[in-house]
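Numbers for residues simply follow the sequence, beginning at 1.
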Amino acid sequence: MGNPRELFEPNTIYHLYNHGNGDDLIFREKENYSFFLNRFKTYTYSVALVYAYCLMPNHFHFLIRIKDEKELVNYFMEKYPDLERSAMSHKDIADLVSRQFRSFLISYSKSFNKMYDRRGSLFLDNIKRISIRNDDYFTNMIRYIHFNPVLHGFAEKPYQWKFSSIHAYQSEKKSLVRRREVIEWFGGISGFQQFHQSIQKDEFENMNHLILE
């Protein structure tokens, strides 16, 4: 667990989330969702692996794991040739990872503002994150993310919402998410499907409480 400002640590799982500024929507039409995922992949795929995501009109959720330190250092050394490997501290690495996510949001916001002739900040703040250091919390977070559209009133069932990683687990198509790892985590696709049959309102509210505390 932690707070929205904790450092990104190598080989650590995080719940990422953010909300539109005020009452602003961050997605106005279908094309926005696909563009957002493309921007996410462009800026973060080199530093993080994705287990689950859900994009809704005014907010989003991702469950990701930051890559290990060796991979991160190699990537940043290639990206920033002037860096000295021996001089890179853990905080330096964390700051560079944070920069990738910040650049992702800035890139999407600039394109969104230009498309809709809009000005000002699109998101409330830089991307928020909470580390996941408990197996049960990881398992429940995957379901929490996939059920978000239902419990926020955007759909009656999670599979009805198009902009969620839940569909990747019913398909063999190339996907952003680590499908095999997640399915194996649930003991197979039937275990994944069974766990996604329902979620109680109090479970959802408890998860929200953990996020907001």
Side-chain angles (χ1 to χ4, degrees), residues 4 8 14-65 97-130 141-179 182 192-193 196 198-199 201 204-205 207-208 211-212:
F8 282 116
Y14 292 89
H15 171 212
L16 309 181
Y17 58 101
N18 212 335
H19 195 284
N21 191 11
D23 295 327
D24 287 354
L25 298 180
I26 58 176
F27 307 110
R28 296 187 184 182
E29 50 190 300
K30 184 173 67 174
E31 289 74 16
N32 298 153
Y33 293 94
S34 57
F35 182 76
F36 183 88
L37 288 177
N38 285 335
R39 292 289 86 191
F40 181 88
K41 184 174 182 179
T42 297
Y43 284 93
T44 73
Y45 216 52
S46 296
V47 299
L49 306 174
V50 182
Y51 296 118
Y53 69 83
C54 189
L55 314 180
M56 285 156 288
N58 60 359
H59 68 291
F60 66 80
H61 296 272
F62 283 90
L63 186 63
I64 60 103
R65 177 171 65 81
V97 172
S98 185
R99 182 189 297 182
Q100 293 296 116
F101 286 102
R102 185 167 59 252
S103 296
F104 149 62
L105 290 185
I106 290 171
S107 173
Y108 178 78
S109 297
K110 285 183 175 179
S111 297
F112 187 92
N113 283 354
K114 183 177 180 180
M115 179 178 291
Y116 297 107
D117 193 23
R118 182 187 177 279
R119 294 184 180 182
S121 176
L122 179 62
F123 297 97
L124 280 177
D125 202 349
N126 192 20
I127 201 162
K128 295 176 170 57
R129 60 266 193 184
I130 298 175
M141 182 55 69
I142 291 177
R143 182 173 60 171
Y144 167 85
I145 288 174
H146 289 152
F147 266 87
N148 246 253
V150 176
L151 294 157
H152 282 295
F154 295 124
E156 293 184 1
K157 298 179 180 180
Y159 291 98
Q160 293 175 339
W161 188 250
K162 295 181 179 180
F163 313 109
S164 160
S165 59
I166 197 168
H167 302 286
Y169 296 102
Q170 311 297 315
S171 171
E172 294 298 323
K173 293 181 180 179
K174 189 175 181 181
S175 171
L176 182 71
V177 300
R178 307 287 287 184
R179 179 167 47 220
V182 172
F192 177 90
Q193 292 171 336
H196 282 75
S198 64
I199 185 172
K201 186 70 173 177
F204 180 77
E205 290 174 348
M207 294 292 280
N208 264 340
I211 292 166
L212 296 174

Going by atom type alone, with no hydrogens or angles, which donor-acceptor pairs under 3.5 Å involve a side-chain atom of residues 161-168 and a protein atom two or more places apart or on another chain?
residue: Trp161; atom: NE1; partner: Leu55; partner atom: O; Å: 2.8
residue: Ser164; atom: OG; partner: Ile166; partner atom: N; Å: 3.1
residue: Ser165; atom: OG; partner: Tyr53; partner atom: N; Å: 2.9
residue: Ser165; atom: OG; partner: Tyr53; partner atom: O; Å: 3.3
residue: Ser165; atom: OG; partner: His146; partner atom: NE2; Å: 2.7
residue: His167; atom: NE2; partner: Trp161; partner atom: O; Å: 2.6

Got a sec, which residues hit side-chain contact (heavy atoms from CB on, under 4.5 Å) with Ile145, two or more places apart in sequence or on another chain?
His15, Ala52, Cys54, His61, Leu63, Met141

Does any N or O in the side chain of Asn18 come within less than 3.5 Å of the main-chain N or O of Phe60, such that one atom is a donor and the other an acceptor?
no

Rounded to the nearest 0.5 Å, how far does CE of Met56 lie from CG of Leu25?
12.5 Å

CZ of Phe147 to CD1 of Ile142: how many Å apart, nearest 0.5 Å?
13.0 Å

List in chain and number order the residues that pass salt bridge (charged side-chain N to carboxylate O under 4.0 Å, His left out) with Arg28, two or more places apart in sequence or in another chain; answer none if no residue qualifies.
none

Contacts of Gln160 meeting side-chain contact (heavy atoms from CB on, under 4.5 Å) (sequence neighbours excluded), chain-then-number -> Ala155, Glu156, Lys157

With a 4.5 Å limit on heavy-atom distance, are the side chains of Tyr33 and Pro57 in contact?
yes

In Å and rounded to the nearest 0.5 Å, what is the OG to CG distance from Ser109 to Asn21?
10.0 Å

Check for a donor-acceptor pair, side chain of His196 on one end and backbone N or O of Phe192 on the other, with a separation under 3.5 Å.
yes

Is there a side chain to side chain contact (heavy atoms under 4.5 Å, CB included) between Val177 and Val50 once you walk through the steps?
CA-CA 5 Å; Val177 300; Val50 182; 3.9 Å; yes

With Phe101, which residues qualify under ring pair (Phe, Tyr, Trp, His ring centres under 6.0 Å), at least two apart?
Phe8

side-chain contact (heavy atoms from CB on, under 4.5 Å) involving Arg178 - partner list, sequence neighbours excluded
Leu49, Tyr51, Glu181

Go through the structure and list residues passing side-chain contact (heavy atoms from CB on, under 4.5 Å) with Lys41, not counting sequence neighbours.
Tyr45, Leu176

Quick note, salt bridge (charged side-chain N to carboxylate O under 4.0 Å, His left out) partners involving residues 99-112, not counting sequence neighbours, are none

All salt bridge (charged side-chain N to carboxylate O under 4.0 Å, His left out) counterparts of Arg179, not counting sequence neighbours
none

What pairs meet the side-chain hydrogen bond (donor to acceptor under 3.5 Å, both in side chains) rule with one or both residues in residues 112-121, with sequence neighbours excluded?
Asp24-Arg118, Glu29-Tyr116, Asn32-Tyr116, Asn113-Arg118

Could you pull out all residues at least two apart from Thr44 that satisfy side-chain hydrogen bond (donor to acceptor under 3.5 Å, both in side chains)?
none

State whether the side chain of Tyr108 and the backbone N or O of Ile26 hold a donor-acceptor pair below 3.5 Å, judged by distance alone.
yes

What pair of heavy atoms forms the shortest contact from Gln193 to Tyr159, and how long is it?
CG-OH, 4.3 Å

Answer yes or no: is there a donor N or O on one side and an acceptor on the other, between the side chain of Ser107 and the main chain of Ser103, under 3.5 Å?
no

Give, for atom OH of Tyr17 and atom CZ of Arg129, the distance between the pair rounded to the nearest 0.5 Å.
10.0 Å

Of all heavy-atom pairs linking Gly20 and Leu124, the shortest is O-CG, 3.5 Å

